[in-house]
Amino acid sequence: MKRIYLDFAATTPVKKAVLSEMSQYFSNEFGNASSIHSFGQQARHAIDKARSNLSSFLNCQASEIIFTSGATESNNLAIKGFIQAISGQSIPHIITSSIEHHSVLDTCKYLEKNKLAEVTYLAVSKKGIVDIEEVQKAIKENTVLISIMYVNNEIGTVQPIREIGKLIEKENRDREKNHSNLSSLSQIYFHTDAVQAIEYFNHDVAHLHVDMLSLSAHKIGGPKGIGALYIKKGTPLQPQIIGGWQENRRRAGTENVAGIVGLGKAIEELKIVNCKLKIKKIQGLRDRFIKGILQNIPDVILNGDSILRSPNNANFCFNYIEGESILLNLDLQGVAASSGSACTSGSLEPSHVIMALGRDHRTAQGSIRFTLGEGLTNSDIDYVIKILPKIVKKLRKMSPFGGKRD
Ligand code: PMP
């Protein structure tokens with residue numbers, strides 16, 4: 001049976017070049033990067049090389065990169081670590097959006113629950129975009145941190161990160177004018193979760209005007225369990241994992257050398273590939289897919305914006321049926337997709353992202369995310385366009401809500 005993987009936002013296969021570069025760090029060059037002998041030095045050198053790859057990719061200094069266990073940790077470190085570092089007498093204010101990944105949302109809820117911060121969760125438009133004017137309106141005197149994701153992991157919408165970054169800089173300039181002795185703690189800092197954006201969008205931190213940026217290797221052809229946080233020099237940060245001097249005392253623990261090498265190589269591979277050509281190809285497949293689904297299945301809604309969206313994302317609500325049943329039927333025919341994000345699959349609650357678009361509970365439960373990646377062909381896409389209408393028709397016949405509709 002043909003097997004077609006349409007879940008690249010959940011994870012990607014490790015690229016051959018990445019695996020081959022990593023493999024020696026499990027065996028021949030297994031040293032601990034903190035050891036002073038030659039084994040340790042080799043490991044240290046490999047980490048330095050990966051850090052330098054990443055810093056040139058993001059256009060920042062090598063010392064501004066912290067390697068973590070993935071973007072969940074990067075987001076926790078950025079938000080919790082920042083708030084704990086500035087904690088004083090008054091409760092600071094954070095602005096985020098209602099469609100963030102749970103590693104941002106739950107971290108914000110934790111801070112609220114423990115009275116360490118107050119948080120504004122911005123609503124998004126019906127197309128899933130954060131309105132920059134709403135960001136401006138939400139800023140208060142005690143606002144210290146804004147965390148908005150770059151590309152949404154479920155509906156692929158692209159947020160106006162650069163514009164928000166510039167708005168924050170203007171706000172900081174105004175604050176400086178009004179309070180001549182502005183300390184670094186009364187600025188607003190800007191964090192973005194760029195996990196789903198790194199492969200397809202501008203990742204220059206100076207261009208984006210961000211102070212912190214999270215990313216993860218396994219979404220870009222690297223291994224699982226390794227990620228990074230870019231943190232601009234001077235940004236307050238309290239380490240979350242303590243007990244060692246690694247990562248410049250900002251993240252303790254023996255470094256995952258092979259993982260770091262894998263992340264560095266995955267980044268290098270992104271630089272080698274002709275990005276424009278790759279994006280054009282994936283976007284072409286996505287458009288073919290969206291058109292095919294909307295033309296061949298009635299009562300389907302495309303979630304998210306049709307233009308401001310990642311080139312690899314198509315997310316639909318199939319009315320009258322549940323996403324989980326569609327997924328199981330697709331899987332039986334060799335097609336892998338997902339309902340919502342991989343981190344919450346198994347939960348019976350409809351996706352918070354689809355609900356934030358204003359869909360009702362039942363419609364939201366019929367949502368499916370298809371995310372494309374390298375190696376897919378027109379014939380793969382056409383196969384799914386051929387089998388999915390039949391699956392939907394069959395399920396609607398069985399559904400108490402959809403029997404007469406199709
Ligand atoms: N943020 C976003 C937008 C994601 O898509 C993911 C992965 N589902 C994460 C954070 C968490 O990344 P990791 O798996 O590296 O912890």
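Each ligand, and each atom within it, is numbered from 1 in the order the structure gives. Excluded from the calculations below are hydrogen atoms, water molecules and symmetry mates; all remaining heavy atoms, backbone and side chain alike, are included. Keep in mind that this is a model prediction, so the values were computed, not measured.
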Any atoms of ligand 1 less than 4.0 Å from a non-hydrogen atom of [X]? List them with their elements.
X	result
K219	5 (O), 6 (C), 7 (C), 8 (N)
Q196	4 (C), 5 (O)
H218	13 (P), 14 (O), 15 (O)
G70	15 (O)
S216	13 (P), 15 (O)
M149	3 (C)
T72	11 (C), 12 (O), 13 (P), 16 (O)

Indicate whether the side chain of N329 and that of K394 have a donor and an acceptor atom separated by less than 3.5 Å.
-> yes

Going by atom types alone, do E73 and Q240 pair a side-chain donor with an acceptor below 3.5 Å?
-> no

Please name all residues satisfying salt bridge (Lys or Arg N to Asp or Glu O under 4.0 Å) with R51, sequence neighbours left out, ordered by chain then number.
->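 R51 satisfies salt bridge (Lys or Arg N to Asp or Glu O under 4.0 Å) with E247 once adjacent residues are dropped.
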
Do ligand 1 and E73 have nitrogen or oxygen atoms that lie under 3.5 Å from each other?
->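 So ligand 1 has no N or O lying under 3.5 Å from an N or O of E73.
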
Ligand 1 to A71 polar contact by distance, N or O atoms, under 3.5 Å =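 Yes, since at least one N or O of A71 sits under 3.5 Å from an N or O of ligand 1.
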
Closest contact, heavy atoms only, G221 versus V18 =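 Scanning both residues completely, I find the closest heavy atoms to be O-CG2, 3.5 Å.
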
Lys/Arg N to Asp/Glu carboxylate O, K166 vs E169, below 4.0 Å | no

Lys/Arg N to Asp/Glu carboxylate O, E134 vs K137, below 4.0 Å =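 K137 and E134: salt-bridged.
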
Atom pairs and distances, side-chain donor-acceptor, residues 224-235, under 3.5 Å, sequence neighbours left out:
residue	atom	partner	partner atom	Å
K224	NZ	T11	OG1	3.3
T235	OG1	K232	O	2.7

